[in-house]
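Being a predicted model, the structure only gives us computed values, none of them experimental.
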Amino acid sequence: MSQKHATTLIKSLCARGAVLHARALFDEMPDRDVVAWTAMLSGYASSGRHREALDLFRSMAAAGVIPNEFTLSSVLTACRAGGGGGAASIHALALRRGVDHTPYVVNALINAYGSRGGGDGLVDARWLFDALGEGRTAASWTSMIAGYARWGQENTGLQLFQNMIQDDVELSPFICSIAIHACSLVGNLYFGQQIHALSMRIALGANLAVANSLVDLYCTCANILDARRLFDEMPERNLVTWNTIIAGYSRRDPLMAMQLLVNMDIEPNCLTLTSITSACAGLSALRCGQQVHGAVLRRNYGDDLKVSNALVDMYSKCGNILNAKKVFNMMTCKDILSWTSMIGGYGMNGYVNEAIKLFNSMVHAGVHPDHVVFLGLISACSHAGLVDEGWNLFRSMLFEYNIQPNKEIYGCVINLLARAGRLREAFILIDTMPLTPDESVWGALLGACKMHRNLELGRLAAGKIIEINPDAVEAYILLANICAADSKWGEYAVTRMLLKGTGSSKEVGMSWIELTDEMYSFSTADSSSPQVSLADEVLQILVQHMDETGSDFIDNICRGA
DNA sequence: CAGCGGGTTG
């Protein structure tokens, strides 16, 4: 076999994925010129075997074969995949060989620099890109824009994409999906829609990746029904399509996410199951969640970090803390989300001490807490009435960990103080917090004022809420109730009158529970089913029993209800 | 006889 023949064969074997056979043939060749080496090298690089590609490049140098521009662009592909390290030394080599200005090498360099860890090669990439001037090809634009998108500079990338359109460069489905994804990351629905229209015009809308990124755009930046319409109209769908729409629904309409799973015509993967696990968490559907857990284990996804995190969260939200703990303890590697889910799970199920203990283990394990962890901890203390513990955690968050609290945390601390009857302190905190207190913050105070029958602060809080939102029905009702409890009948009448004046009615809050495969939903004062009155009776017995045991915690709940 | 780029889902 001639050398040319063998090289052609290597190329076609690599193209069909038989890289090992190609290598065997390569090793048997008596003479190997630069073309043969490059064919083998590029076979490795384009199949993601960058380690082997770089090793081969070293052997080639050792064999004394001089690389040309074709060789170098393939090596750069391997560098890019390995985090962009080594791009500069290949650049230097290209310079020495005098091939640093050939289009393929420059584009490969832009790509490799644009992939370098942390995005610190973007400036170098841009420099090469700008130097190309009129020599820019679609590949140059795509590499540069993808580089920006890769490192969180989506807006710069989108700006460049706009220039690309103005320059009349032909658009590929690749660049369109990159740009659409960038739009959804920065929440730029408007630009995304423009690219949508553009893609339809140049017949790229039928491309699966383009359509998938559009579904994702509408899921994250628009009404989920817009995403659904697009999804329904797609003539062809793949796993990414299903995962995108299911993930979109898992947050907003978990029941629909389940429905979609049932309608799936392909095998779900671990991403699908992660979204479905969250959907179960959102529905507090324990039995469904357990079935999903079974599906996860059967498919050997049990070691996946994100699935495990979702499972811990699901079991916690379904009240099954034992299984949450089991999953958590089985995890071989944990991230901050794992700890947060477990700590929050203990908190929301009333195991404050366990939550605090686990928080200490987390810190001991070297994981730096964030504000979500503290929110879980402080809210647990608030629900358990552990005012001092909660307050100390708040202080530790501020002074030990230098975490700036957000509104949610302030609301939580205000709840903590106010529910415990420390209304004055709660008010002072609202008054001195560096953020503008919103409806929910004042609402926490107002609710506690009702619980503790404090008319003076209740009036003030209700006034603030109505100032922010004149239609805040709850505020009128709570204030009226406080007046009534204090026998201020004149003020009571006025407040009720103002309530009528808002013209709005309170939306009925619904709750649901899953019992032996059936979902039941109900509201307070619901008498539509016989089970409700039975549940009411049981509740009365429980309350009586708890009264007899005399727990402050339970007392607070009953008075707050 | 060879070469670059680039995609969507948690």
Side-chain angles (χ1 to χ4, degrees), chain A residues 1-12 14-15 29 32-43 45-46 67-78 80 99 102-112 114-115 125 129 136-147 149-150 157 171-185 204 207-217 219-220 234 237-248 250-251 257 268-279 301 304-310 313 337:
Chain A
M1 190 165 22
S2 75
Q3 196 177 113
K4 283 187 186 180
H5 244 103
T7 305
T8 314
L9 203 49
I10 286 173
K11 193 193 152 202
S12 74
C14 288
M29 287 173 75
R32 289 173 294 212
D33 61 0
V34 61
V35 183
W37 282 94
T38 303
M40 193 62 237
L41 190 71
S42 127
S46 51
N68 61 19
E69 72 242 57
F70 304 107
T71 325
L72 295 182
S73 47
S74 281
V75 178
L76 283 166
T77 303
R80 183 185 69 82
V99 295
T102 54
Y104 279 108
V105 170
V106 182
N107 289 343
L109 276 169
I110 291 174
N111 207 13
S115 306
F129 177 82
R136 285 184 285 236
T137 63
S140 334
W141 288 94
T142 309
S143 296
M144 194 65 239
I145 294 169
R150 197 156 33 229
L171 299 180
S172 67
F174 293 106
I175 187 61
C176 285
S177 47
I178 294 169
I180 294 164
H181 184 226
C183 288
S184 96
L185 284 178
L204 291 182
N207 180 280
L208 252 181
V210 172
N212 288 344
S213 55
L214 283 169
V215 172
D216 179 53
L217 171 78
C219 276
T220 40
M234 284 172 73
R237 304 182 186 113
N238 64 6
L239 188 56
V240 178
T241 323
W242 285 98
N243 285 348
T244 306
I245 194 81
I246 288 176
S250 71
R251 294 184 294 268
N269 70 356
C270 73
L271 263 68
T272 329
L273 295 180
T274 307
S275 299
I276 290 298
T277 305
S278 320
Y301 294 145
D304 185 89
L305 180 66
K306 296 220 154 97
V307 173
S308 301
N309 287 346
D313 185 56
L337 226 83

Hey, does [X] reach any base, or is it just sugar-phosphate, or nothing, if we go heavy atoms under 4.0 Å?
X: A:S177; result: base
X: A:A247; result: sugar-phosphate
X: A:A211; result: nothing
X: A:D33; result: base
X: A:T77; result: sugar-phosphate
X: A:N269; result: nothing
X: A:S172; result: base

- [ ] Say whether A:N243 and A:N212, considering side chains only, have a donor N or O and an acceptor N or O under 3.5 Å apart.
- [x]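 Side-chain D/A pair, A:N243 to A:N212: absent.
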
Open item on the list: Testing the 3.5 Å rule here: is there a donor-acceptor pair between the side chains of A:S140 and A:T137?
Closed with: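 Looking only at side-chain atoms, A:T137 and A:S140 do form a donor-acceptor pair, the distance falling under 3.5 Å.
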
Go through [options] for me and flag the one nearest to the [X] side chain.
X: A:T142; options: B:dT8, B:dG7, B:dG5; value: B:dG5
X: A:D304; options: B:dG10, B:dT8, B:dG3; value: B:dG10
X: A:E69; options: B:dG3, B:dT9, B:dC4; value: B:dG3
X: A:R150; options: B:dA2, B:dT8, B:dG7; value: B:dG7
X: A:A209; options: B:dG5, B:dG7, B:dT9; value: B:dG7
X: A:K4; options: B:dC1, B:dG10, B:dC4; value: B:dC1
X: A:S143; options: B:dC1, B:dG5, B:dG3; value: B:dG5
X: A:S74; options: B:dG10, B:dG5, B:dC4; value: B:dC4
X: A:V240; options: B:dT8, B:dG7, B:dG5; value: B:dT8
X: A:V210; options: B:dG5, B:dG7, B:dT8; value: B:dG7

Using OP1 and OP2 only, check whether a side-chain N or O of [X] sits under 4.0 Å from [N].
X: A:R32; N: B:dC1; value: no
X: A:S42; N: B:dG3; value: yes
X: A:H181; N: B:dG7; value: no

In whole angstroms, how far is the [atom2] atom of [N] from the [atom1] atom of [X]?
X: A:L185; N: B:dT9; atom1: CG; atom2: P; answer: 7 Å
X: A:W141; N: B:dG5; atom1: CH2; atom2: C1'; answer: 15 Å
X: A:L9; N: B:dA2; atom1: CG; atom2: P; answer: 13 Å
X: A:I178; N: B:dT8; atom1: CD1; atom2: C1'; answer: 10 Å
X: A:N238; N: B:dG7; atom1: CG; atom2: C1'; answer: 11 Å
X: A:H5; N: B:dA2; atom1: NE2; atom2: P; answer: 13 Å
X: A:I175; N: B:dG6; atom1: CD1; atom2: P; answer: 11 Å
X: A:L76; N: B:dG6; atom1: CG; atom2: P; answer: 11 Å

Open item on the list: Could you check whether the side chain of A:N107 and the base of B:dG6 have a donor-acceptor pair of N or O atoms closer than 3.5 Å, going by distance alone?
Closed with: no

Minimum heavy-atom separation for [X] to [Y], with atom names?
X: A:L41; Y: A:S74; value: CD2-CB, 4.2 Å
X: A:T244; Y: A:V240; value: OG1-O, 2.6 Å
X: A:A279; Y: A:A257; value: CB-CB, 4.2 Å
X: A:S73; Y: A:Y104; value: CB-O, 3.9 Å

TODO: Output all residues satisfying salt bridge (Lys or Arg N to Asp or Glu O under 4.0 Å) with A:D216, sequence neighbours left out; order by chain, then residue number.
DONE: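 Applying salt bridge (Lys or Arg N to Asp or Glu O under 4.0 Å) to A:D216 gives none.
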
